[in-house]
Amino acid sequence: MRLSLFYAYVGLSLFLFVSCQNRTSAPDERPVPRQVQTLHPESRTLTESYSCIIVGNMDVAIRPKITAFIEQQHFNEGDFVTEGQLLFTLEDVQIKAAMNVAEANIQVATAQMETAELTLKTKEALHQRNIISDYDLQLARNEVKVKASQLAQAQAQLINAQREYAYTRITSPTDGIAGVVTMSPGNLISPTSEKALTQISQISVMRAYFSMSERQALALSRQYGTFQNLIAQMPPIQLRLSDGSLFPHMGKLITVSGSVDASTGAIRARVNFPNPEYSLKSGYTGTILIPYTVDSVFVIPQNATFEIQNRRFVYVLDTASHRVKSRAIDIHPLNDGKDFVVLDGLKSGEQIVTEGAAFLKEDQLIEPLPAENIEKAGTAAAATPGQAEKTAANATTAAHARP
């Protein structure tokens, strides 16, 4: 009797122990539904951004060539001016007077020249008759040369006065947009003035200057080879303006410096952008977007990764056991804010967990859900926002109910 009770007690204890073990271990072995992605290598074009300063294709500083007072200004700041258009008129009273004096001096010198030539002819005739000496004849010849020099000097003075008079009319050397005017009518200006009167910017084509680091330059050289190939093969380049908008016209890489600036460690480059609407102005700033292509890489969502001690990891699915293993990966430094480009650590055909990775643990059992199922659920949730939580709960329940 006692032996029977003992065996009954042992059997009941074993039953209760197994029941408790099942109750505590079953939830741990229940698979957790998670979306997975099968990896396939692909090419991806990324964009590297560089801050730039934008200037006109030609920025010409307008400065006076003579010292004079400004009489009139014939344009407004920001006007589009054409080559040869009158910009400023300077005071010309003294210059006109100098022109009149020069013209009078020419008339006097011409008359003296003619008199000297007549005298020379007379003395040549007298010399032939031996009436005057060779000395007197030479004096007459020298006098003609002196008067000729005086005439040339008076003509040069007139040319100089005429040139200075032309300088009283300041015109635009090119087509472009007029900048800020630093001196108004009534002010005295001179060629030695510190500031230019204004600036004319030729902005039908704009130049965007930017600098790239040595590392960035090496990455581009590996992709394109020489800088000559880089310039020839670089695809069209975009420009993001300071307000975040994209400039509607694509640019072309024109030049890349052949040396590294020792003070900054950067290489300077220039991109030209057409500006037919003149919407870009000289002095604007922006961001150059250089396309960068990488081949045979894996593109995964950023949500599929987690970080430990500055290294990125993903959970790789063991398709036989449906358990996940963490694995370190190397990612490209460039990304679009949504996906990572994986350079090393994964293989083609492998499957990774793409959502909820932060809530998994090593060797955990999951129920893999193909990406298309998740996309359909997301579309349905977007169509009926109020039922989003109910849809997700039903999907989880269904996954748990699977054998």
Side-chain angles (χ1 to χ4, degrees), residues 56-75 81-176 178-179 181-202:
N57 191 45
M58 182 187 297
D59 290 337
V60 182
I62 305 300
R63 296 181 179 274
K65 294 184 178 180
I66 60 173
T67 300
F69 287 94
I70 301 176
E71 281 193 347
Q72 285 183 291
Q73 177 183 324
H74 302 278
F75 69 100
V81 297
T82 58
E83 182 177 356
Q85 180 177 332
L86 183 62
L87 303 178
F88 297 94
T89 299
L90 307 184
E91 185 183 53
D92 58 6
V93 176
Q94 294 181 346
I95 296 176
K96 283 183 176 179
M99 288 175 60
N100 293 334
V101 170
E103 289 175 351
N105 289 338
I106 288 177
Q107 292 178 1
V108 172
T110 300
Q112 291 176 346
M113 176 68 180
E114 291 174 352
T115 301
E117 288 176 344
L118 290 175
T119 302
L120 177 60
K121 289 181 180 180
T122 301
K123 289 191 175 183
E124 285 177 344
L126 294 174
H127 183 267
Q128 289 178 357
R129 298 177 184 179
N130 295 324
I131 297 175
I132 62 172
S133 64
D134 293 341
Y135 177 77
D136 290 334
L137 178 61
Q138 188 60 43
L139 286 179
R141 289 174 177 171
N142 291 344
E143 185 68 15
V144 171
K145 293 180 180 179
V146 170
K147 297 305 178 182
S149 299
Q150 291 176 349
L151 176 59
Q153 185 178 9
Q155 291 172 338
Q157 290 175 348
L158 177 60
I159 292 173
N160 185 61
Q162 290 173 338
R163 185 178 66 250
E164 289 193 351
Y165 178 77
Y167 291 159
T168 64
R169 306 295 188 266
I170 300 178
T171 59
S172 175
T174 184
D175 297 345
V181 177
T182 60
M183 301 292 281
S184 57
N187 285 285
L188 180 66
I189 58 175
S190 73
T192 58
S193 298
E194 181 179 355
K195 294 183 178 180
L197 287 174
T198 187
Q199 178 175 281
I200 305 300
S201 298
Q202 190 182 79

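Just the heavy atoms: all of them, side chains too, but no hydrogens, waters or symmetry mates, feed the values below.
- Atom-to-atom distance recorded for L197:CG and I189:CD1 is 4.5 Å, nearest 0.5 angstrom.
- Around CD of Q94, the count of heavy atoms belonging to other residues, nucleotides or ligands within 6.0 Å does not exceed 12.
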Q.
For a side-chain contact (heavy atoms from CB on, under 4.5 Å) check, start with the C-alpha distance between T168 and E91, then their side-chain angles and the critical distance, and finish with the verdict.
A. CA-CA 7 Å; T168 64; E91 185 183 53; over 6 Å; no
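- Side chains of P191 and T67 form a contact here, defined as non-hydrogen atoms less than 4.5 Å apart.
- The OG atom of S190 sits 11.0 Å away from atom CZ of F69, with the distance rounded to the nearest 0.5 Å.
- Contact record, N187 with M183: CB-CE, 3.5 Å, taken as the closest heavy-atom pair.
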**Q.** Step-by-step salt bridge (Lys or Arg N to Asp or Glu O under 4.0 Å) determination, K121 to E117
**A.** CA-CA 6 Å; K121 289 181 180 180; E117 288 176 344; over 6 Å; no
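- Using a distance-only test at 3.5 Å, with no hydrogens or angles considered, a donor-acceptor pair links the side chain of D175 to the main chain of E83.
- Considering all non-hydrogen atoms of both residues, I200 and G176 come closest at CG2-CA, 4.0 Å.
- Proximity of T89 to R169: side-chain heavy atoms (C-beta onward) are separated by under 4.5 Å at one or more points.
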Q: Start with the C-alpha gap between E114 and L118, add the side-chain angles, then the distance that decides, and say whether side-chain contact (heavy atoms from CB on, under 4.5 Å) holds.
A: CA-CA 6 Å; E114 291 174 352; L118 290 175; 5.7 Å; no
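- Shortest non-hydrogen contact noted between Q157 and A102 is C-CB, 3.7 Å.
- Separating the CD atom in Q138 from the CD1 atom in I132 is a distance of 11.0 Å, to the nearest 0.5 Å.
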**Q.** Full working for side-chain contact (heavy atoms from CB on, under 4.5 Å) between E124 and R141
**A.** CA-CA 9 Å; E124 285 177 344; R141 289 174 177 171; 4.2 Å; yes
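- When all heavy atoms are compared, the tightest approach of Q202 to T174 is NE2-OG1, 2.8 Å.
- Contact between G179 and T198 at its shortest, heavy atoms only, is O-OG1, 3.2 Å.
- Side-chain contact check for I95 versus L90: every heavy-atom pair is 4.5 Å or farther apart.
- The closest side-chain heavy-atom distance from M113 to V144 is below 4.5 Å.
- Across all their heavy atoms, I106 and L151 have their closest contact at O-CD1, 3.6 Å.
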Q) Given the rule in the side-chain contact (heavy atoms from CB on, under 4.5 Å) test, do Q153 and N105 qualify, once you have shown the distances and angles that lead to the verdict? A) CA-CA 9 Å; Q153 185 178 9; N105 289 338; over 6 Å; no
